[in-house]
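Here the structure is laid out as structure tokens; the discussion comes afterwards.
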Protein chains: 2
Amino acid sequence: MGLFHPERDQLQLEDVLAALGNPLRLRIVCQLAQADERVCGSFAIGVTKATATHHWRVLRESGIVRQWQAGRCHYVALRRSDLETRFPGLLDVVLKDGAKDGAEEHAEPIRLART
Amino acid sequence: MGLFHPERDQLQLEDVLAALGNPLRLRIVCQLAQADERVCGSFAIGVTKATATHHWRVLRESGIVRQWQAGRCHYVALRRSDLETRFPGLLDVVLKDGAKDGAEEHAEPIRLART
DNA sequence: CCCACTGTACGACAACCTTCGTACAGAGTT
DNA sequence: AACTCTGTACGAAGGTTGTCGTACAGTGGG
């Protein structure tokens, strides 16, 4: 069950905006921007694994993130250069705004709800 | 029955992105950007009046456009400076992308479906 | 080989979104 | 006053989204 990733020139602005137009996904992207890559499970997003999988899929299929498996974990990274090529400036706008308010991760993470 | 408009400092990036994350509204915004203000009914968007009202409301309540009544018509305009102040660069990104593909209005407008 | 761990697959459910038709409200015209 | 025109209000239908629980698949460690 390979993970679908759209090619850079298939990215649709409308899909990217729709993916970012959700508070949870917007926070995830801002958190992710502070590292080059991270393990999916390391995010303190306060939803179950099933829900998290759903949101990762939306982010991946809109072309915002790339995911790959390594051992038991899935890694995830922002597709910075692809986004910058197709929609120059967009990521800057989003991240700059996210930096203002609660983009920082909690010192005491919420972790997944009920595992 | 006044039309609700959020203040500039109440605008939420997430709402703006969600509003733009719809093909119809994205096209409307790109068309609207080519003029300072326009009559709502002058857009060739191919949906009924009721549906158009819905989309104008989403755009208005997210803070992307301002609407006001003059005589029988409603006028609409992009809130360029408010958007630029709160999310600098965002509108540029969106309009630049919209300029590539079908942002131009049809010479032979579709007009409303079934009036 | 069996267990623990990370994440996906699937099915369910409620909430929301998009669209429409119909009815109505307000403004201008005749 | 009656009519037209633009757009809103409301309710309904159908689709999509966000969330969850449960079950399963793949990997690595004992």
Side-chain angles (χ1 to χ4, degrees), chain A residues 1-5 12 14-29 32 37-62 64-77 109-115, chain B residues 1-5 12 14-29 32 37-62 64-77 109-115:
Chain A
M1 188 71 14
L3 305 175
F4 171 74
H5 289 87
Q12 296 290 121
E14 150 204 337
D15 295 336
V16 172
L17 295 175
L20 295 173
N22 170 286
L24 187 51
R25 289 193 294 261
L26 199 50
R27 267 196 291 135
I28 289 177
V29 167
L32 183 54
E37 62 184 51
R38 282 183 59 174
V39 173
C40 288
S42 73
F43 286 78
I45 52 181
V47 293
T48 63
K49 287 187 298 179
T51 304
T53 295
H54 162 71
H55 288 295
W56 285 124
R57 182 148 62 101
V58 173
L59 288 170
R60 177 165 40 76
E61 295 189 345
S62 66
I64 296 172
V65 305
R66 191 172 294 283
Q67 277 181 293
W68 66 95
Q69 195 166 359
R72 279 189 290 198
C73 296
H74 280 72
Y75 282 76
V76 64
I110 312 167
R111 290 321 306 266
L112 294 175
R114 250 157 300 164
T115 314
Chain B
M1 188 70 14
L3 305 174
F4 171 74
H5 289 88
Q12 295 291 121
E14 151 203 337
D15 296 336
V16 172
L17 295 175
L20 295 173
N22 169 286
L24 187 51
R25 291 192 294 260
L26 199 51
R27 267 195 291 134
I28 289 177
V29 168
L32 183 54
E37 63 185 49
R38 280 184 61 174
V39 172
C40 288
S42 74
F43 285 78
I45 53 182
V47 294
T48 63
K49 288 187 298 178
T51 304
T53 294
H54 162 71
H55 288 296
W56 286 122
R57 182 148 62 102
V58 174
L59 288 170
R60 178 166 40 76
E61 296 188 346
S62 67
I64 296 173
V65 305
R66 191 173 294 284
Q67 278 179 293
W68 64 96
Q69 196 168 357
R72 279 189 290 200
C73 296
H74 281 72
Y75 281 76
V76 64
I110 312 167
R111 291 319 306 268
L112 294 174
R114 248 156 302 165
T115 314

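Everything quoted here is computed from the prediction, not taken from an experiment.
- Within the structure, a side-chain polar atom (N or O) of A:His55 is placed less than 4.0 Å from OP1 or OP2 of D:dT19.
- Taking only side-chain nitrogens and oxygens, A:Asn22 comes nearer than 4.0 Å to OP1 or OP2 of D:dG18.
- At a cut-off of 3.5 angstrom, the base of D:dT8 holds no donor-acceptor pair with the side chain of B:Arg57.
- Of the listed nucleotides (D:dT22, C:dC20, C:dT18), C:dC20 has the atom at the smallest distance from the side chain of B:Val47.
- B:His74 comes within 4.0 angstrom of the backbone, heavy atoms only, and of no base.
- Backbone-only contact: A:Val39 has heavy atoms under 4.0 Å from sugar-phosphate atoms and none from a base.
- The backbone N or O of B:His55 sits nowhere less than 3.5 Å from a side-chain atom of B:Arg25 that would complete a donor-acceptor pair.
- The residue from A:Asp15, A:Ile28, A:Leu20 that alone fulfils the side-chain contact (heavy atoms from CB on, under 4.5 Å) condition with A:Ile64 is A:Leu20.
- Counting heavy atoms from C-beta on, the side chains of A:His74 and A:Trp56 never come closer than 4.5 Å.
- OP1 and OP2 of D:dC20 both lie 4.0 Å or more from every side-chain N or O belonging to A:His54.
- Distance B:Glu14 CD to C:dC16 P: 14 Å, rounded to the nearest Å.
- Spacing between atom CZ of A:Phe4 and atom C1' of C:dT8 amounts to 17 Å, rounded to whole angstrom units.
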- [ ] Please assess A:Phe43 against A:Val76 for the test side chain to side chain contact (heavy atoms under 4.5 Å, CB included), listing each intermediate value before the final yes or no.
- [x] CA-CA 11 Å; A:Phe43 286 78; A:Val76 64; 4.1 Å; yes
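- In terms of phosphate contacts, B:Thr51 brings no side-chain nitrogen or oxygen within less than 4.0 Å of OP1 or OP2 of C:dT18.
- In this structure, B:Trp68 atom CH2 and D:dT8 atom P are separated by 14 Å, rounded to whole Å.
- Distance from the side chain of A:Lys49 is smallest to C:dG7 among C:dA27, C:dG7, D:dC20.
- Residue A:Phe43 contributes atom CZ, which lies 15 Å from atom C1' of C:dT6 at whole-angstrom precision.
- A:Leu59 places its CG atom 12 Å from the P atom of C:dT8, with the value rounded to the nearest Å.
- The nearest whole Å value for the distance from the CD1 atom in B:Ile28 to the P atom in C:dT18 is 11 Å.
- Contact between the side-chain N/O atoms of B:Thr53 and the OP1/OP2 oxygens of D:dG7 is not found at any separation under 4.0 Å.
- In this structure, CZ on A:Arg57 lies 12.0 Å from OG on A:Ser62, to the nearest 0.5 angstrom.
- In this structure, B:Asp15 places its CG atom 14 Å from P of C:dC16, rounding to the nearest Å.
- Taking atom CG of B:Leu3 as the reference point, atom P of D:dG7 lies 11 Å away to the nearest angstrom.
- Looking only at distances, no side-chain donor or acceptor of B:Arg38 sits under 3.5 Å from a matching main-chain atom of B:Leu32.
- You'll find that the side chain of B:Ala50 is closest to C:dT22, out of C:dT22, D:dC20, C:dT19.
- The side chain of B:Cys73 lies closest to D:dG7 when the candidates are C:dT8, D:dC10, D:dG7.
- The side chain of B:Arg72 contributes no N or O atom lying less than 4.0 Å from OP1 or OP2 of C:dA25.
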